[in-house]
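Single-structure report; data block below.
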Amino acid sequence: MNLDLKNKILKKITIAIDGHSSTGKSTLAKELAKKLGYIYVDSGAMYRCVALYAMQNNFFKPELQEQLLVSHLNHIDITFKNNAASKSNHTYLNGVDVEDKIRKMDVSNLVSGVAKISEVRAHLVRIQKNMGLNKGVVMDGRDIGTVVFPDAELKIFMTASAEVRAQRRFDELSKKGQNVTFEGVLENLQKRDNDDSNRSDSPLVVAENAKVLDNSTIDRETQFKLALQWAKDAIENKN
Ligand code: CDP
């Protein structure tokens with residue numbers, strides 16, 4: 001049976017979640033994937049891995065040596081594995097668990113500069129498209145509904161006020177014991193939103209047909225119910 005026909009019978013869809021930084025995209029994506037039995041892919045973690053690799057190899061001298069990084073892309077192996085202790089997916093860079101490292105502020109401060117390089121994007125987008133070939137995937141990022149899966153049956157664009165987002169991310173990082181300030185977190189997410197929205201290659205925009213979800217004032221459970229209903233409708237309407 002060909003793949004298209006099989007997917008129609010199983011009615012598996014692709015769910016693309018994009019939006020501003022720290023809007024809880026990965027939380028919602030993980031919840032949807034778990035409920036639907038789909039694969040979850042954190043595309044931001046992949047850009048963070050490339051930024052960490054550049055840091056670890058001293059490619060910032062002091063400006064990022066873009067061509068040097070591009071020439072190393074084939075040496076950057078990124079995988080996701082379930083971690084039994086935390087019962088969540090961890091990100092591995094060349095076989096090493098870097099889940100904590102890639103979430104730190106030093107990486108957050110450099111990642112958008114790495115993500116604007118077209119060769120980096122083309123390389124990661126190729127891998128991401130492959131991950132979605134069989135459908136049944138929830139992927140979150142900045143260009144999932146526009147570039148990676150423009151034909152996704154459900155596209156969600158998440159946003160919230162900058163202060164609410166900074167408070168959530170500040171609480172999350174503080175809980176992990178990271179030494180951060182609210183102002184530092186706020187400044188980082190505003191700068192990344194600005195860089196991500198204004199880059200020339202695959203800027204962050206609301207994809208055509210995306211459902212905009214502003215979660216400044218709605219709680220996690222309400223948001224999940226709403227998104228799950230959208231997913232059920234999209235599965236039902238799949239022809
Ligand atoms: O968790 P948060 O929303 O703060 O960010 P992330 O999803 O981990 O993404 C980190 C950075 O990677 C973003 O600020 C973008 O610069 C870049 N990114 C991208 O350009 N395209 C994607 N599909 C995902 C992330």
With no hydrogens and no angle check, is any side-chain donor or acceptor of [X] less than 3.5 Å from a backbone partner on [Y]?
X: Gln128; Y: Val148; value: no
X: Lys155; Y: Asn209; value: no
X: Arg165; Y: Thr23; value: no
X: Asp18; Y: Gly145; value: yes
X: Ser174; Y: Phe170; value: yes
X: Asp143; Y: Thr146; value: no
X: Lys25; Y: Arg142; value: no
X: Glu153; Y: Ile13; value: no
X: Asn94; Y: Asp77; value: yes
X: Lys11; Y: Lys238; value: yes

In Å, rounded to the nearest 0.5 Å, how long is the span from [atom1] of [X] to [atom2] of [Y]?
X: Met55; Y: Asp106; atom1: CE; atom2: CG; value: 4.0 Å
X: Lys135; Y: Phe149; atom1: NZ; atom2: CZ; value: 8.5 Å
X: His20; Y: Ser161; atom1: NE2; atom2: OG; value: 11.5 Å
X: Asp171; Y: Lys176; atom1: CG; atom2: NZ; value: 12.5 Å
X: Asn109; Y: Glu187; atom1: CG; atom2: CD; value: 8.0 Å
X: Ile78; Y: Leu93; atom1: CD1; atom2: CG; value: 6.5 Å

Are [X] and [Y] linked by a side-chain donor-acceptor pair shorter than 3.5 Å?
X: Arg168; Y: Asn215; result: yes
X: Tyr47; Y: Arg121; result: yes
X: Ser108; Y: Arg48; result: yes
X: Asp97; Y: His90; result: yes
X: Asp214; Y: Thr159; result: no

Flag if over 12 foreign heavy atoms under 6.0 Å of [atom1], [X]:
X: Lys129; atom1: NZ; value: yes
X: Gln178; atom1: CD; value: yes
X: Lys225; atom1: NZ; value: no
X: Asn179; atom1: CG; value: no

- [ ] Could you go through the side chain to side chain contact (heavy atoms under 4.5 Å, CB included) check for Gln65 and Lys61 one step at a time?
- [x] CA-CA 7 Å; Gln65 306 298 301; Lys61 298 178 188 167; 4.2 Å; yes
Taking a hydrophobic cluster as the set of Ile, Leu, Val, Met, Phe, Trp and Tyr residues connected by side-chain heavy atoms closer than 4.5 Å, whether directly or through intermediates, do [X] and [Y] fall within one such cluster?
X: Met139; Y: Met158; answer: no
X: Met46; Y: Val70; answer: yes
X: Leu32; Y: Ile144; answer: no
X: Val50; Y: Ile117; answer: yes
X: Leu204; Y: Val206; answer: yes

- [ ] Answer yes when Glu31 and Arg220 have at least one side-chain N-carboxylate O distance shorter than 4.0 Å, and no when they do not.
- [x]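 Yes, Glu31 and Arg220 are salt-bridged.
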Open item on the list: Salt bridge check, Lys232 against Glu236: does any charged N sit closer than 4.0 Å to a carboxylate O?
Closed with: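 Looking at Glu236 and Lys232, the cut-off is not met.
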Task: Intermediate values then yes/no, side chain to side chain contact (heavy atoms under 4.5 Å, CB included), Leu73 and Val120 - done: CA-CA 7 Å; Leu73 284 175; Val120 171; 4.3 Å; yes
Testing the basics here: between [X] and [Y], what is the closest heavy-atom pair and its distance to 0.1 Å?
X: Phe60; Y: Ala54; value: CE1-CB, 3.7 Å
X: Tyr38; Y: Gly136; value: CB-O, 3.2 Å
X: Ser22; Y: Leu189; value: OG-CD2, 3.8 Å
X: Asp140; Y: Ala29; value: CB-CB, 4.3 Å
X: Ala234; Y: Leu154; value: CB-CB, 4.2 Å

Open item on the list: Apply side-chain hydrogen bond (donor to acceptor under 3.5 Å, both in side chains) to residues Gln190 and Asn194 and explain how you reach the verdict.
Closed with: CA-CA 6 Å; Gln190 285 176 321; Asn194 188 54; over 6 Å; no
Open item on the list: Is there a side chain to side chain contact (heavy atoms under 4.5 Å, CB included) between Glu66 and Glu119? Walk through the geometry before answering.
Closed with: CA-CA 9 Å; Glu66 296 192 1; Glu119 291 91 336; over 6 Å; no
Task: side chain to side chain contact (heavy atoms under 4.5 Å, CB included) assessment of Asp42 paired with Asn89 - done: CA-CA 9 Å; Asp42 176 354; Asn89 258 355; over 6 Å; no
TODO: Among Ile218, Leu28, Asp219, find the residue that satisfies the side-chain contact (heavy atoms from CB on, under 4.5 Å) test when tested with Phe224.
DONE: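 Answer after filtering Ile218, Leu28, Asp219: Leu28.
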Do the side chains of [Y] and [X] get nearer than 4.5 Å, heavy atoms only?
X: Thr91; Y: Cys49; result: yes
X: Leu186; Y: Arg169; result: no
X: Met105; Y: Val180; result: yes
X: Gln223; Y: Leu213; result: yes
X: Thr222; Y: Thr217; result: no

Open item on the list: For Phe59 and Tyr53, take the angle between the two ring planes, folded into 0 to 90°, and tell me which bin it lands in: parallel under 30, tilted 30 to 60, perpendicular over 60.
Closed with: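 Rings of Phe59 and Tyr53: perpendicular, as their planes differ by over 60°.
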Task: Test log, rule side-chain hydrogen bond (donor to acceptor under 3.5 Å, both in side chains), inputs Ser21 and Asp193 - done: CA-CA 6 Å; Ser21 56; Asp193 285 349; 3.1 Å; yes
Open item on the list: So if I apply the side chain to side chain donor-acceptor pair (under 3.5 Å) rule between Arg192 and each of Asn188, Asp196, Asp195, which one comes out positive?
Closed with: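 Passing option: Asn188.
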List the residues meeting ring-ring contact (aromatic ring centres under 6.0 Å, His included) with [X], not counting sequence neighbours, and say none if there are none.
X: Tyr40; result: none
X: His123; result: none
X: Phe80; result: none

- [ ] Tell me whether the guanidinium CZ or amine NZ of Lys211 lies under 6.0 angstrom from the six-membered ring centre of Phe157 and within 45° of its axis.
- [x]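 Checked: cation-pi criterion not met.
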